[in-house]
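Below is one structure; the comments refer to it alone.
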2 protein chains.
Amino acid sequence: MATRREPPLSRDGIVRAAVELLDDSGEAGLTFRALAERLATGPGAIYWHIAGKGELLAAAVESVIADAVFAGPAGATPPEAVRTLALGVFDAIDVHPWLGVQLPLNPLRTPMLRVFESLGRQVRALGVPPAAEFTAASALLNYILGVAGQNAAAPRAIAPGTDRATFLGNAADAWAALNPDEYPFTRAAAGRLRDHDDRAEFLAGLDLVLAGIIARLVPPR
Amino acid sequence: MATRREPPLSRDGIVRAAVELLDDSGEAGLTFRALAERLATGPGAIYWHIAGKGELLAAAVESVIADAVFAGPAGATPPEAVRTLALGVFDAIDVHPWLGVQLPLNPLRTPMLRVFESLGRQVRALGVPPAAEFTAASALLNYILGVAGQNAAAPRAIAPGTDRATFLGNAADAWAALNPDEYPFTRAAAGRLRDHDDRAEFLAGLDLVLAGIIARLVPPR
DNA sequence: ACCTGAACACCGTTCAAGT
DNA sequence: ACCTGAACACCGTTCAAGT
């Protein structure tokens, strides 16, 4: 049960332990005291390696998002590359739900800056003219971050252990019970929510943004 | 200086004081002790009216977002109505920056559910077929929430008082100093970031999502 | 240079006691 | 029914003291 401790104590070791703690017990579980216990030391020791909780969280985000962001397959078309990139972020949040809250909060610090850069390159490859490339890349990033926050918030609201399917079921029930005069649309969408494939829905939305970029910003050739 | 206290103590009064506290001193400023002081009572008194901090925050969000969400001008076209709705959320965040963090976290609780419902109606009015209307409304909401988080995170990272223009200037400087081999796109976008009109940029991105919805989901007529 | 752990100044929340 | 405020069980962070 006791987590053995690597050599002395290192920034990387601390960040790794922080990620484990976040994965195991959520944001509320990441505490300097809990972290110190896991590292078999006192809370003060951590401060020699890391400035504070903000930096710790940022480092945890970075360590986890870095894996998700790589160029993507070389032969891919720009839309394919954008999908790969976005799915990398989406799947990382699936594995580390705390990311969904943390990503939008640590906006263009290093980890997300890399995602933005990659999106921007694909936007260029798509043929968007320079004057519009910032808008296009931002729209893609904002959509991705919006889904991130949304997907993280949902299960967090209920008990941390609740699985996604029963959560969606409950939400769908709640929607179905809404007053049809006040909420006709949401009520009708309840069914759609129930047998919802998050990943597919995420991609479908992403494709809408891509389609908008192509329709409005890419000159015909 | 002493804030006079209305009749005895009411849920509405508490929520109003919480919003003031959030506006004045940010998320960190909202404390049961500070709130109690402002209301000239003890911290325990608040608990008789409100379950806890989560409910307090949710109530603050709701009270502030409710004003921003109304049907919009009756004669508006669906895209105009979507823009009005989205701008309502955007401007509310401008006035109450803490909303940007809180909105994505309180996802489809009552306040945002109303936004979702309104977006959905406009999506229908646009002519999106039922099978796709959930996807379209979600894409719009996710984009809006993404921008919300992004806009809130930025100034929060720096000192709470930093004004937007100098913040953008600093960010643009940092981007301009990036390694051009690693970050060619972001570096080139630095200029664009500097003289950035948030509101216009927000609308431009929203129009991309709308254009995608129309291009991909609305059958020609 | 790096670690220890007590101590400080806070939190949210509870609850006996008051009115 | 509603309010009071001390008390509880926590936080993040600091810092003298150790090695």
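Every chain is numbered from 1, with letters handed out A, B, ... down the list of sequences. Bear in mind the structure is a predicted one, so any value in this text is a computation, not a measurement.
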Parallel, tilted or perpendicular: which one describes the rings of A/Phe32 and A/Tyr47, with boundaries at 30° and 60°?
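If you compare the ring of A/Phe32 with that of A/Tyr47, the planes turn out parallel.
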Would you mind telling me which residue lines up with the more 5' stretch of DNA chain D, B/Pro43 or A/Arg33, judged by nearest nucleotide?
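Closer to the 5' end of DNA chain D: B/Pro43.
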Residue met sooner reading DNA chain D from 5', once B/Gly42 and A/Gly54 are mapped to nucleotides:
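Of the two residues, B/Gly42 wins.
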Measure from the side chain of [X], starting at C-beta and using heavy atoms only, and say which of [options] lies closest.
{"X": "B/His49", "options": "D/dC3, C/dG12, D/dT14", "result": "D/dC3"}
{"X": "B/Lys53", "options": "C/dG12, C/dC3, C/dC8", "result": "C/dG12"}
{"X": "A/Phe32", "options": "D/dT13, D/dC3, C/dG12", "result": "D/dT13"}
{"X": "A/Tyr47", "options": "C/dC2, D/dG12, C/dC3", "result": "D/dG12"}

Expressed in angstrom and rounded to an integer, what is the separation of [X] atom [atom1] from [N] atom [atom2]?
{"X": "A/Ile14", "N": "C/dC2", "atom1": "CD1", "atom2": "P", "value": "12 Å"}
{"X": "B/Leu56", "N": "C/dG12", "atom1": "CG", "atom2": "P", "value": "10 Å"}
{"X": "B/Glu55", "N": "C/dT13", "atom1": "CD", "atom2": "C1'", "value": "14 Å"}
{"X": "B/Ile46", "N": "C/dG12", "atom1": "CD1", "atom2": "C1'", "value": "11 Å"}
{"X": "B/Trp48", "N": "C/dC15", "atom1": "CH2", "atom2": "C1'", "value": "16 Å"}
{"X": "B/Ile50", "N": "C/dG12", "atom1": "CD1", "atom2": "P", "value": "13 Å"}
{"X": "B/Leu21", "N": "C/dC11", "atom1": "CG", "atom2": "P", "value": "11 Å"}
{"X": "A/Leu57", "N": "D/dG12", "atom1": "CG", "atom2": "C1'", "value": "13 Å"}

Base paired to D/dG18 (Watson-Crick or G-U; both N/O distances under 3.5 angstrom)
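D/dG18 is paired, partner C/dC2.
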Partner nucleotide of D/dC8 by Watson-Crick or wobble geometry (both distances under 3.5 Å)
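C/dG12 is the nucleotide pairing with D/dC8.
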Strictly under 6.0 Å, is that where the ring centroids of B/Phe90 and B/Phe202 end up?
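That pair passes the under 6.0 Å test.
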Less than 6.0 angstrom separating the ring centers of B/Trp175 and B/Phe185, yes or no?
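B/Trp175 vs B/Phe185: aromatic centres not under 6.0 Å.
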Looking at A/Leu30, is its backbone amide N or carbonyl O close enough to the side chain of A/Lys53 to form a donor-acceptor pair, meaning the two atoms are under 3.5 Å apart?
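The answer is yes, because a donor-acceptor pair under 3.5 Å joins these two groups.
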A/Glu201-B/Ser138 side chain donor-acceptor pair, cut-off 3.5 Å
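No pair is found: no donor N or O on one side chain lies under 3.5 Å from an acceptor on the other.
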Taking for each residue the nucleotide of DNA chain C with the nearest heavy atom, is it B/Gly52 or A/Gly44 whose nucleotide lies nearer the 5' end?
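Nearest nucleotide further toward 5': that of A/Gly44.
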